[in-house]
Amino acid sequence: MSERDTVIRSMHDLGLATWFGGSLMGAVGLNGATAEAHDPQERTRLSSLGWKRWSPVAAAAIGVHAIGGAGLIASNSNRVRQQDEAANNTLVKLGLTVVAAGLTAWSGALGRKVEQEQQQGAAGATEPHAGASEGLKAAQRQLKITQWAIPAITGTLIVMGAQQGEQQKPSQQLRTRLASF
């Protein structure tokens with residue numbers, strides 16, 4: 001008889017998909033669109049407004065993903081203990097999730113810095129204006145990195161989740177059981 005973890009698996013996957021998709025859309029769509037504003041101050045203002053509106057959704061997505069992930073680890077604890085590949089994947093995913101959450105929090109702090117100094121204007125959401133203060137320039141340079149690193153890491157987590165799904169196939173389960181004899 002198989003166990004079903006539809007709710008926690010959905011929380012894990014939908015939370016991660018929202019986190020990935022929102023961060024990628026922000027880096028590509030929001031930042032790209034605001035760079036087209038004619039007024040340099042509008043570029044930072046609009047970008048800051050968009051990311052500010054997205055932040056509560058991102059935080060909820062991360063929370064839902066974390067709850068789902070913890071539930072999956074608990075539900076699959078025997079498999080994680082018995083199947084080295086599953087244990088390794090789980091540990092790497094956990095580490096990457098912590099890194100992505102940290103980068104997301106840092107990105108939010110940097111975004112607040114840009115918002116506070118939006119009156120200086122910018123060439124783009126993450127591209128400083130030549131006359132900008134060093135504080136604004138540093139925040140925007142770091143944002144450029146974090147806003148691309150977050151979808152790269154969360155995209156990797158999606159691939160690793162697919163890999164874990166493959167590990168649950170009956171042929172993989174049988175191989176693990178045979179190896180333990």
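The structure presented is a predicted model; accordingly, all values stated were derived computationally and were not measured.
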Does Ser107 use its side chain to pair, donor to acceptor, with the backbone of Leu103 at less than 3.5 Å? no
Steps toward side-chain contact (heavy atoms from CB on, under 4.5 Å) verdict (Gln119, Gln41): CA-CA 6 Å; Gln119 75 284 356; Gln41 289 181 353; 4.3 Å; yes
Quick one: do the Gln147 and Ser23 side chains pair a donor with an acceptor below 3.5 Å? no
Check step by step if side-chain contact (heavy atoms from CB on, under 4.5 Å) holds for Trp51 and Asn31. CA-CA 9 Å; Trp51 283 109; Asn31 289 353; 3.0 Å; yes
With Trp19, which of Ile153, Thr97, Val64 fulfils side-chain contact (heavy atoms from CB on, under 4.5 Å)? Thr97
Side-chain donor/acceptor of Ser47 to backbone N/O of Ala125, under 3.5 Å: no
Check whether any side-chain heavy atom of Lys144 sits under 4.5 Å from a side-chain heavy atom of Gln140, and report yes or no. no
Verify the cluster assignment for Met25 and Ile145: are they in a single hydrophobic cluster under the rule of side-chain heavy atoms below 4.5 Å apart? no
Pairwise side-chain contact, His12 with Ile8, heavy-atom cut-off 4.5 Å (strictly under): no
Linked, directly or transitively: Ile62 and Phe20 (ILVMFWY side chains, under 4.5 Å): yes
Atom OG1 of Thr126 and atom CG of Leu143: how far apart are they, to the nearest 0.5 Å? 7.0 Å
How many angstroms lie between CG in Leu72 and CG in Asp5, if you round to the nearest 0.5 Å? 6.0 Å
Test side-chain contact (heavy atoms from CB on, under 4.5 Å) on Thr90 and Gln164 and set out the steps. CA-CA 8 Å; Thr90 298; Gln164 282 186 323; 2.9 Å; yes
Find out if a path of hydrophobic residues (ILVMFWY) with successive side-chain heavy-atom gaps under 4.5 Å connects Leu30 to Trp148. no
So how far is it from Glu36 CD to His38 NE2, rounded to the nearest 0.5 Å? 8.5 Å
Lys52 versus Arg112: any side-chain heavy-atom pair under 4.5 Å? no
Before giving the answer on side-chain contact (heavy atoms from CB on, under 4.5 Å), spell out for Glu85 and Gln163 the whole-Å C-alpha distance, their side-chain angles and the decisive distance to 0.1 Å. CA-CA 10 Å; Glu85 201 176 346; Gln163 181 187 34; 4.1 Å; yes
Is the backbone N or O of Ala122 less than 3.5 Å from a side-chain atom of Arg43, with the two atoms forming a donor-acceptor pair by type? yes
Going by atom types alone, do Gln120 and Ser133 pair a side-chain donor with an acceptor below 3.5 Å? yes
Would you kindly say whether Trp106 and Gln142 are connected by a side-chain donor-acceptor distance under 3.5 Å? yes
same_hphob_cluster(Leu14, Met11) at 4.5 Å side-chain heavy-atom cutoff: no
For Glu134, give me all partners under side chain to side chain contact (heavy atoms under 4.5 Å, CB included), at least two apart in sequence or on another chain. Lys137, Arg141
Which of these, Val99, Leu96, Val92, Leu94, sits in a side-chain contact (heavy atoms from CB on, under 4.5 Å) with Leu157? Leu96
If you round to the nearest 0.5 Å, how far is OG1 of Thr34 from CZ of Arg45? 11.0 Å
Side chains of Gln83 and Arg79, donor plus acceptor under 3.5 Å: yes
Nearest heavy atoms of Ser10 and Thr6, plus distance in Å: OG-O, 2.7 Å
Nearest heavy-atom pair of Ile150 and Ala100: which atoms, and what distance? CG1-O, 4.4 Å
Distance check, rounded to the nearest 0.5 Å: Leu46 atom CG versus Gln118 atom CD? 9.0 Å
So, for Val114 and Ser48, which heavy atoms are closest and what is the spacing to 0.1 Å? CG1-OG, 4.0 Å
Measure the NZ-CG distance between Lys113 and Leu110 for me, rounded to the nearest 0.5 Å. 10.0 Å
Over all atoms of both residues, closest heavy-atom pair of Ala37 and Glu42: CB-CB, 4.0 Å
